[in-house]
Amino acid sequence: MIKYHRVKSLGELQIPAMSNETDQETLAAGGEGETVKSSTMMSTQHHHQHHHHHIMSTSVEEVDEQLLEMTQSTTTVSSNNSATNNNHSLVQKSYKNLHEFSEEMLETEKAGLVERVYDLERQVLEHKDEIVCLKSTLADVLRRLATIDNSYENSTSGSGRGGTGTSVSGGVGGGGGGHHTVSDNVSASGQNSLSSKSFRFSRNTLTRLNSTVEEKRFGRVPSRVTSSPSRVKTNLAQKAIHYSNGSLHSDSMSSHSISPAPSPSPRQPNASAVANSHHALLASSGGMGKRWSSTGDFISTPGSPSGTGSSGSMSRFSAKSLLNLSGNSSRQGHSHPYVQRKNDDDEFVRLYISGRPIVIHIPEAQLSTYELTKVQPAPNRRLRLDWAYGYRGKDCRSNLYQLPTGEMVYFVAAVVILYNMDEHTQRHYVGHTDDVKSLAVHPNKLLVASGQCGGHEGRESQPHILIWNSVSLATLNMIGCGEFTGSINCLSFSRADSGNILAAIDDSPDKIISIWDWQKKEGGRKITETKCSVDTVVAVEFHPLDKGQIITIGKNHIAFWSLDQNGMLYKRMGVFESFEKPKYVTAISFTQTGDVVTGDSSGNLAVWKRGTNVISRFLKKVHEGPVFTICALRNGGFVTGGKDGLLLLFDDALHMKAEQIVEAHFGSVRVVAQGKGSQLLIGTTKNCILSGDFTLSLVPIVMGHTDILWSLATHPQVAQFVTGGRDRLLQLWDSLSHSVVWSKDIGEPIHSVQISNAGDVIVAGGVGGRWSVFDIVTRELLATYTDGQEVIQCMQFSPDGNLLAIGSKDNCIYIYQCTKVAHRFSKIGKCTGHSSFISHLDWSKDSQVLRSNSGDYEILYWNPTLCRQITTQSTVKNLEWATQNCSVSFETIGIWPENFDGTDINSVCKDGEEQFLVCADDFGKIRLFSFPASQPKSLSHSYRGHSSHVTSVQFMHDGVRLLSAGGLDTSVLQWRVV
């Protein structure tokens, strides 16, 4: 019994203990271990019951054997349990590895999916660019076909009428008034039907392609004005469209320019024509404000005076002027308000300038016929903008783009230039009334937005934005006129929604950012506006992939803006965290995956992860000094340019691959744009545009001055001219190739220049009484002379080439004898008598008398060989003058409006055949008169293009081309008489 109890106790104690251990280990395993646990417990219980019954029924002697067997069996079960636990561990480990592997696969798949999405986005953008390029190219081709068709139509219709047809050209109206409407004169009869059909097809196709937005939003498209009065009336109610000249090398009037209406005819119109013109004028200008400028106008072919070749033509002058032309003036027999002649027997008139009377003697040949009330008609020819020299890179950014048509677009003064480098031609958008300060190209690459600063005349001289078509040069909308308080410094079209909205930042104290639906009605619809920053804002850009996301950069900030569906703007400032915070964030671009890349004033590059306002990558000191531009390339890489004059090429991972140096005399890199293929276009801070890549040297394609341009002189024999300004640059230009022959820094500001009659030397007057002589071929300094201590205001060679007169700010005129050695001059003497500085000089055709104007509007005459004043008027009043530089003279009485100050007219000139007189004023205008403009009421054609005071105008030696220099806008504009 004792053994029995001991054995029983062993059996009861060991087996449950074994089961508990197995249960605990089995519970530690998961999943599949639960099945193993259940099977093991059932097997153990069955074995325990059977073994217990067997011991009860055996003899005591057999107990030891049974106990031994049970021990062996227990050991076997323990071994099985241990193996099971090992299997459980392996299963658990495998499950864990499988879980990790599946998560890794998911992450890899997700990254690959995101990459494929980005790749698809990139491909979509590329396809869009290709479609846009095709559309732009097609539009440009159709424009050229329309020009050719129109040229052929005009030539055939003109020959069918025996040369009496009216050609189409661009033109500029007077300085006042409202918008000019589309006016295409069409022949009434004798047209070639095939040409007409061809023209209509190409023109209509062009209209449908280029005016989709206008037709969609405004319910109309530009149309042609026929000779039907009803069609005239319909078109007068339409929106203004500004066209310019086409190909530079086309001298015909078939450049298909759309422009203001023509001037009145010099001959007297009948009463009905006057009435019709008057009503047309009222219809065109009512409620439209100031007129736009263009670059040409309608002209008359032989036998058809201007303005009368079609009943669809309208006058840009007031009805009063037209009545004056017909001899119905109400002022007959009365003196003019600022020109007085007391009696018809008086041999002089008094011209009042700024309230000061100036006595001007009348030549004897005109004494009997001269009447103050007569009206001098405007010339029947016009000026057309031929070429614009210069570029504004000194203080403007993001102002150079490549268009799919092959043209690059940039601006200078009030002109936006579209330059085709392959064809070496320019087209001009001249809808602006003052300095253009910003530029943005629509995602469709057809439309352009340009913003200007405020002017001085009327509502439309206020800061505003113009949206226009780069192919047809048609103005689609004027945005924000009267809404902005400062110039428009930054512009950007939205990119993720196909350019439906436009962002603008003005130069007001609060730097207001405004968002516009530019396609809504005339004037656009302002969605919202808010203060952007109290400091300078350098740029604004829409995110190319995320709709409603806008980034602004500038002094001490980068801001991420969100535009919601309700038109509210929300702002998040960029966080630099541990990275160096710059004084300025100066450049911005985007990667193909949507990350933002910025450059700063310390030369660093930063990458901001898409959708965040924190930096994910930082590249220190990429440039020495500010990074001015970051250009995203089509292959995903980047080109950066900075104040250090370096161009750096990076791949899409921002690893630097190459560098290029811009020569110091071109200036620092202001902006970089990608041209055709690997070609780069580089705008510099010294107003130059260069072309090249990282394998070839950079070549200048546009050059200009960088400070006030004071002086201009033309070559007496060839198509060249010379300019000089405050930037100390003396530059010789070729007006046929439209390029700089050479440029030289003479070390001091230049205020006046002149080319000798022989065309071998250039004389340049400085600011300290010093004037220098340079060889025109080698640009070598040949000699230096000094007269007084003041600025050399003007210089003029005598017609025979023997004398040189130099006018100084010290009120004196210095006379020099020219010697046989071109650069040697012998001083004759000094003419004194003026009470103010010398402003203009003229020589008589026989070189015996010198005429001068001064700052107080005096007109004096001199004997140059004796350096004495001529006071006998009978000696000088009948003289003929070789030049017409003096703005105060009998020949220029008509150029002075009533409200002009004496300093408002800066320069005057006449052509060699004495048909035209041109004057330039302080308001950026050039006015074309018939020569002489001796009548107080002298009508003229007025032209815009400059945005600053025009300091000088000069005709070229052929009398066909005219040059104008634009003071602060640093531009030179070349005009053609057409």
Side-chain angles (χ1 to χ4, degrees), residues 172 175 244 292-295 383 385-397 399-400 409-417 419 426 428-439 450-457 461 463-464 466 486-489 507 667 670 683-689 702-712 721 723-729 731 733 738 740 749-751 903-907 918-927 942-954 962-975:
V172 178
S244 180
W292 292 114
S293 301
S294 183
T295 55
L383 295 178
L385 183 57
D386 198 14
W387 200 268
Y389 300 89
Y391 158 74
R392 185 163 184 168
K394 181 180 179 180
D395 57 353
C396 292
R397 303 168 184 265
N399 57 359
L400 178 62
V409 56
Y410 59 97
F411 58 78
V412 67
V415 180
V416 184
I417 302 163
Y419 171 56
Q426 281 188 355
H428 311 101
Y429 178 75
V430 288
H432 287 283
T433 59
D434 215 293
D435 283 291
V436 181
K437 297 295 292 293
S438 54
L439 202 63
S450 48
Q452 72 165 65
C453 65
H456 307 285
E457 299 179 8
S461 289
H464 61 266
L466 292 177
S487 59
I488 316 299
N489 285 351
D507 197 27
R670 173 63 75 193
T684 73
T685 56
K686 289 190 176 180
N687 295 345
C688 300
I689 298 178
V702 175
M703 295 183 66
H705 286 271
T706 60
D707 209 336
I708 298 179
L709 182 58
W710 281 116
S711 52
L712 167 70
F721 62 96
T723 58
R726 188 182 287 180
D727 57 1
R728 308 180 305 182
L729 287 180
Q731 293 185 330
W733 306 75
H738 309 111
V740 175
I750 304 170
H751 207 280
T903 61
D904 288 340
I905 292 180
N906 302 312
S907 180
V918 178
C919 75
D921 61 32
D922 271 352
F923 308 105
K925 292 179 184 176
I926 295 172
R927 291 186 293 156
S942 182
Y943 301 85
R944 281 193 178 276
H946 290 289
S947 57
S948 174
H949 57 293
V950 185
T951 55
S952 181
V953 286
Q954 292 290 326
L962 174 77
L963 297 161
S964 58
L968 282 169
D969 66 33
T970 71
S971 68
V972 177
L973 300 184
Q974 181 172 308
W975 309 81

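- Residues passing the side-chain contact (heavy atoms from CB on, under 4.5 Å) test with N489, sequence neighbours excluded: K437, S487, D507.
- Among residues two or more places apart in sequence or in another chain, the side-chain hydrogen bond (donor to acceptor under 3.5 Å, both in side chains) test is passed with S438 by none.
- Residues that satisfy the salt bridge (Lys or Arg N to Asp or Glu O under 4.0 Å) test with R728, not counting sequence neighbours, are D745.
- In this structure, H705 has no ring pair (Phe, Tyr, Trp, His ring centres under 6.0 Å) partners at least two apart in sequence or on a different chain.
- When ring centroids are compared, F721 and Y389 come within the 6.0 Å threshold.
- Partners of D904 according to the side-chain hydrogen bond (donor to acceptor under 3.5 Å, both in side chains) rule, which considers only residues two or more places apart in sequence or in another chain, do not exist here.
- With sequence neighbours left out, K686 forms a side-chain contact (heavy atoms from CB on, under 4.5 Å) with T684, T706.
- Taking every heavy atom of both residues into account, L400 and G683 meet most closely at CD2-N, 3.8 Å.
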With side chain to side chain donor-acceptor pair (under 3.5 Å) as the criterion, how do D922 and N906 come out once you've worked through the C-alpha distance, each side chain's angles and the decisive distance to 0.1 Å?
CA-CA 7 Å; D922 271 352; N906 302 312; 2.8 Å; yes
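- For the atom pair Y410 OH and I417 CD1, the distance stands at 4.0 Å (nearest 0.5 Å).
- The closest donor-acceptor contact from the side chain of R670 to the backbone of G393 lies under 3.5 Å.
- Note that the CD atom of Q954 and the CG atom of L962 stand 8.5 Å from one another [nearest 0.5 Å].
- Among all heavy-atom pairs drawn from S450 and Y429, the shortest one is OG-CE2, 4.4 Å.
- Listed by chain and residue number, nothing satisfies the side-chain hydrogen bond (donor to acceptor under 3.5 Å, both in side chains) test with N687 (two or more places apart in sequence, or in another chain).
- Relative orientation of the W387 and H738 rings is parallel, given thresholds of 30° and 60° on the angle between their planes.
- Listed by chain and number, the residues in a side-chain hydrogen bond (donor to acceptor under 3.5 Å, both in side chains) with D707 amount to none (sequence neighbours excluded).
- To the nearest 0.5 angstrom, D434 atom CG is 5.5 Å from S947 atom OG.
- Between D386 atom CG and Q426 atom CD the span is 8.5 Å, to the nearest 0.5 Å.
- Contacts of F411 classified as ring pair (Phe, Tyr, Trp, His ring centres under 6.0 Å), with partners at least two apart in sequence or in another chain: none.
- Here I905 contributes atom CD1 and F923 contributes atom CZ; the two are 9.5 Å apart, rounded to the nearest 0.5 Å.
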Which is it for V953 and L963 under the side chain to side chain contact (heavy atoms under 4.5 Å, CB included) test, yes or no, and what are the steps along the way?
CA-CA 6 Å; V953 286; L963 297 161; over 6 Å; no
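- Heavy atoms only, all atoms of each residue included: G451 and I488 are closest at CA-CB, 3.9 Å.
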Residues H432, L466; criterion side chain to side chain contact (heavy atoms under 4.5 Å, CB included); working and verdict:
CA-CA 8 Å; H432 287 283; L466 292 177; 3.7 Å; yes
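- Applying the salt bridge (Lys or Arg N to Asp or Glu O under 4.0 Å) rule to D969 yields no partners; only residues at least two apart in sequence or on another chain are considered.
- Between R944 and V430, the closest side-chain pair of non-hydrogen atoms is not below 4.5 Å.
- Annotation for V740 and M703: closest pair CG2-CB, 3.8 Å, computed over non-hydrogen atoms.
- The minimum heavy-atom distance between G945 and A413, with the atom names listed, is O-CB, 3.5 Å.
- Minimum interatomic distance between G390 and V702 (heavy atoms only, all atoms of both residues): O-CG1, 3.7 Å.
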Does the pair H946 and I926 meet the rule for a side chain to side chain contact (heavy atoms under 4.5 Å, CB included), with working shown?
CA-CA 9 Å; H946 290 289; I926 295 172; 4.1 Å; yes
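- Note that CG of L973 is 4.5 Å distant from OG of S964, once rounded to the nearest 0.5 Å.
- Residue R392 is tested with V436, D435, L439 for a side-chain contact (heavy atoms from CB on, under 4.5 Å); the sole match is D435.
- With sequence neighbours excluded, the residues satisfying side-chain contact (heavy atoms from CB on, under 4.5 Å) with A965 are L709, L712, T951, S952.
- Partners of S711 under the side-chain contact (heavy atoms from CB on, under 4.5 Å) rule, at least two apart in sequence or in another chain, are I750, V753.
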